[in-house]
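Below is one structure, written out as structure tokens, with a few remarks after it.
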Amino acid sequence: MRLFESSPEGRLKQAKLDLIDFAFENHGVRSFADLGGVWGVEGGYTFYALDKHKVDKAFLVDTHPTKVVLEKAKKYQQLEVLEGSFGDQSMVSQVAGVDAVFFFDVLLHQVSPDWDTILELYGRQTRCFIIYIQQWIGSGVTSRLLE
């Protein structure tokens with residue numbers, strides 16, 4: 001079922017929707033923070049979770065929430081849109097205690113603090129990570145960058 005594929009929210013990936021469903025249905029998720037969830041999808045994964053599952057509290061965190069997102073968010077009293085970088089300690093503190101944190105295609109952009117630090121910071125604040133990082137698979141040849 002490709003619920004949102006042609007919606008104005010953008011091109012939501014079924015694999016990410018499946019991850020959300022799995023977490024809610026199998027791990028008792030009732031609250032979440034979607035970090036960096038605006039760009040390219042207009043908060044689509046946040047709104048999908050809110051529409052499909054019982055959610056007590058949700059946060060959508062992004063440095064650039066759009067007018068579309070802010071307007072749509074008004075329909076969900078359990079949703080708080082936070083403007084800022086999810087790498088800032090103040091943001092980590094604001095979303096403390098959620099059941100799950102969504103990291104959809106954002107960790108690859110995270111430089112300072114680095115991925116490990118971000119996961120450590122949020123690992124103290126949640127009991128479940130929902131991570132999807134699609135790597136470039138556009139060619140038959142791959143190269144691994146050494147650390």
Side-chain angles (χ1 to χ4, degrees), residues 2-5 7-137 142 144-147:
R2 300 199 177 268
L3 202 64
F4 286 91
E5 193 166 1
S7 72
E9 284 85 9
R11 302 159 311 276
L12 301 188
K13 295 196 178 303
Q14 188 63 45
K16 295 175 188 178
L17 301 176
D18 292 344
L19 286 171
I20 292 168
D21 293 342
F22 184 84
F24 274 87
E25 294 165 7
N26 295 288
H27 294 288
V29 171
R30 299 280 302 254
S31 61
F32 68 90
D34 184 359
L35 305 183
V38 173
W39 185 81
V41 293
E42 297 289 357
Y45 297 107
T46 292
F47 298 123
Y48 171 84
L50 289 164
D51 288 339
K52 183 151 186 211
H53 299 283
K54 173 78 172 124
V55 177
D56 298 327
K57 186 65 180 169
F59 298 94
L60 176 55
V61 179
D62 205 286
T63 55
H64 297 91
T66 64
K67 290 179 184 179
V68 170
V69 168
L70 295 172
E71 193 59 36
K72 188 166 185 176
K74 292 177 184 176
K75 299 175 186 171
Y76 302 89
Q77 66 181 23
Q78 71 274 47
L79 174 61
E80 187 174 347
V81 178
L82 301 174
E83 183 174 352
S85 171
F86 64 79
D88 292 342
Q89 182 59 52
S90 64
M91 202 61 68
V92 176
S93 299
Q94 288 184 66
V95 303
V98 293
D99 294 328
V101 175
F102 300 1
F103 287 109
F104 291 158
D105 299 316
V106 294
L107 290 177
L108 69 129
H109 301 292
Q110 193 62 36
V111 177
S112 180
D114 66 18
W115 299 10
D116 293 332
T117 302
I118 289 291
L119 293 175
E120 183 179 326
L121 288 170
Y122 282 95
R124 297 180 199 141
Q125 308 298 336
T126 189
R127 58 183 183 78
C128 180
F129 283 136
I130 304 173
I131 299 174
Y132 184 96
I133 303 175
Q134 181 176 337
Q135 301 301 324
W136 174 254
I137 55 171
T142 60
R144 184 174 190 283
L145 300 176
L146 302 176
E147 294 183 12

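Residue numbers count from 1 along this sequence. Basis for what follows: all heavy atoms, side chains included, without hydrogens, waters or symmetry-related copies.
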- Which pairs pass salt bridge (charged side-chain N to carboxylate O under 4.0 Å, His left out) with one or both residues in residues 59-68, sequence neighbours excluded? none

Non-hydrogen atoms of [X] and [Y] that approach each other most closely:
X: G43; Y: V69; value: N-CG2, 4.0 Å
X: M91; Y: V61; value: CG-CG1, 3.6 Å
X: F24; Y: A49; value: CE1-CB, 4.1 Å
X: V29; Y: R127; value: N-NH2, 3.8 Å
X: A23; Y: I130; value: CB-CD1, 3.4 Å
X: Y132; Y: K16; value: CD2-CE, 3.1 Å

Going by heavy atoms in the side chains, are [X] and [Y] under 4.5 Å from each other?
X: V101; Y: Q125; answer: no
X: I131; Y: L119; answer: yes
X: L121; Y: Q89; answer: yes
X: H64; Y: V38; answer: no

- Message: Has S31 got a side-chain atom pairing as donor or acceptor with D56's backbone, closer than 3.5 angstrom?
- Response: no

- Message: Between T63 and S85 (side chain of the first, backbone of the second, donor and acceptor by atom type, cut-off under 3.5 Å), is there such a pair?
- Response: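 Looks like no, no N/O pair under 3.5 Å.
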
- Return the set of residues passing side chain to side chain contact (heavy atoms under 4.5 Å, CB included) with E120 (not counting sequence neighbours), or none when no residue passes.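 Testing E120 for side chain to side chain contact (heavy atoms under 4.5 Å, CB included), a comparison that skips the adjacent residues, returns R124.
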
- Item | Sequence-distant partners of Q78, side chain to side chain contact (heavy atoms under 4.5 Å, CB included), two or more places apart |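 Testing Q78 for side chain to side chain contact (heavy atoms under 4.5 Å, CB included), a comparison that skips the adjacent residues, returns L50, V55, Y76.
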
Reported [atom1]-to-[atom2] distance for the pair [X] and [Y], which is rounded to 0.5 angstrom:
X: D34; Y: F86; atom1: CG; atom2: CZ; answer: 10.0 Å
X: L60; Y: L82; atom1: CG; atom2: CG; answer: 8.0 Å
X: K72; Y: L79; atom1: NZ; atom2: CG; answer: 11.0 Å
X: D51; Y: T46; atom1: CG; atom2: OG1; answer: 10.5 Å
X: T117; Y: Y122; atom1: OG1; atom2: OH; answer: 12.5 Å

- Does any pair with a residue in residues 18-27 pass side chain to side chain donor-acceptor pair (under 3.5 Å), and if so which ones, sequence neighbours excluded? Q14-D18, D21-Y48, D21-K52, D21-H53

- Could you tell me whether F32 and F102 have their ring centroids closer than 6.0 angstrom? yes

- Query: Who are the side chain to side chain donor-acceptor pair (under 3.5 Å) partners of Q77, not counting sequence neighbours?
  - Reply: none

- Item | For Y45, ring-ring contact (aromatic ring centres under 6.0 Å, His included) partners two or more places apart |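 Partners of Y45 under the ring-ring contact (aromatic ring centres under 6.0 Å, His included) test: F104.
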
